[in-house]
Amino acid sequence: MKQKTVAVVGAAETTEMGKIPNTSQLMLHADAALNAMRDAGLAAKDIDGIATAGDSPVEVAHYLGITPTWVDGTSVGGCSFMLHVRHAAAAINEGLCNTVLITHAESGRSRVGARRFSRDPASQQGQFEVPYGITNPPTMFTIPALRYMKQYGVTEEDIANVAVVQREWAAMNPRASFRDPITVDDVLNSRRTSRRSPSTFSARARAARRR
Amino acid sequence: MAEYNRPLPLPTPETQHFWAGCREGELRLQRCTSCKESYFPPRPFCPACSSREVEVYRASGKATLYSYIINHRPRPDFGDKPHSIAVVELAEGPRMMTNIVDCPQTPEALVLDMPLEVTFEKANDEISLPKFRPAKG
Ligand SMILES: [Zn+2]
């Protein structure tokens, strides 16, 4: 990619973190966006590019009062927003726009104004995956784990260590939901005492039980 | 038997033959007549070489257990009993998602690479889902 003078000029999160039952998903986009715009000293009229995934970038632009000349709705899962940054830098370099706003919002727990977790039964997933019980990360992302462990000789302890290290990083983030240190034993024991634990990792660890 | 309240597939023109096969108790795959690749899910062209010259054939129904999880989270449609969600590798090559049935839903009973065979679970007059059970003999 050509390198000119593209920079991240502002960044922010929603005002509240964690469970936010009194705010719709669209307003979560707007709340984080307004905070980032304030961080950068920008208003809607200063922004001419917009990108988001999952929700419609058109809807977010209308809601914020942005009239974009450049729009990106690339939606490829959780890494979409990294691609948006890349696309935005390329677009700015090419002169397609000057200032891009990238938002992500998920009313993940409260589900206020959030899309339903459903897939068209005629889609590829709807026909060939959903009928067998996959719904969300704990039932989807975990399936390859056992094969991975067998193929590469990875142990339960190795996988548990991923959560331990992630928690170490989270401890450095004052806005993280879970910051107390945990050990490999904590992770393995939590799985055994709480087989219905809702956490993704325990589902993964459970999936990765001895073969 | 209780009414089937789980999500079901809605066949499209390109997948009709597959679901018709399941209804009739046969697992139908497709194979490229140019490069001989077998593939799944169904589509009227070969994903390996892009040829449109493909044929439908009856697969053996034999497979091995490629990977799986046992879901312990209760769900309104799947109930609160632990159940497997698996990917199997068909003898003909392609992998497909399914459930392993007719055996305990435990790590002890579900061993990677174990031999499996297809069985069809009738949901209604239109749809039977291909599932897999430990191979007999
Ligand atoms: Zn081919």
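Note on naming: letters A, B, ... go to the chains in the order of the sequence lines (proteins, then strands), and numbering restarts at 1 for each one.
Listed options B/Asp77, B/Thr98, B/Val87 were ranked by heavy-atom pairs under 4.5 angstrom with chain A; first place goes to B/Thr98. Considering only heavy-atom pairs separated by less than 4.5 Å from chain B, the leading option among A/Ser123, A/Gly126, A/Pro131 is A/Pro131.
Listed in order of number, the residues of residues 7-22 of chain B that approach chain A to under 4.5 Å between heavy atoms are B/Pro7, B/Leu8, B/Pro9, B/Leu10, B/Pro11, B/Thr12, B/Thr15, B/Phe18, B/Trp19. For a heavy-atom cut-off of 4.5 Å, chain A lies close to B/Phe40, B/Pro41, B/Pro42 in residues 32-43 of chain B.
A donor-acceptor contact shorter than 3.5 Å is absent between the side chain of B/Arg73 and the backbone of A/Thr139.
Of the two parts of A/Gln124, only the side chain, counted from C-beta on, holds a non-hydrogen atom closer than 4.5 Å to a non-hydrogen atom of chain B. Using a 4.5 Å cut-off between heavy atoms, B/Phe78 touches chain A through its side chain atoms alone.
Nearest heavy atoms, B/Asn99 versus A/Tyr132: ND2-O, 2.9 Å. Residue A/Arg147 comes nearest to B/Leu65 through the heavy atom pair NH2-O, 3.4 Å, listed as atom of the first residue, atom of the second, then distance.
Note that CD1 of A/Ile143 and OG of B/Ser67 are 8.0 Å apart. Values are rounded to the nearest 0.5 Å. For the atom pair NZ of A/Lys150 and CG of B/Asp113, the computed distance is 3.5 Å after rounding to the nearest 0.5 Å.
Residue A/Met17 qualifies as enclosed at atom CE: its count of foreign heavy atoms under 6.0 Å is above 12.
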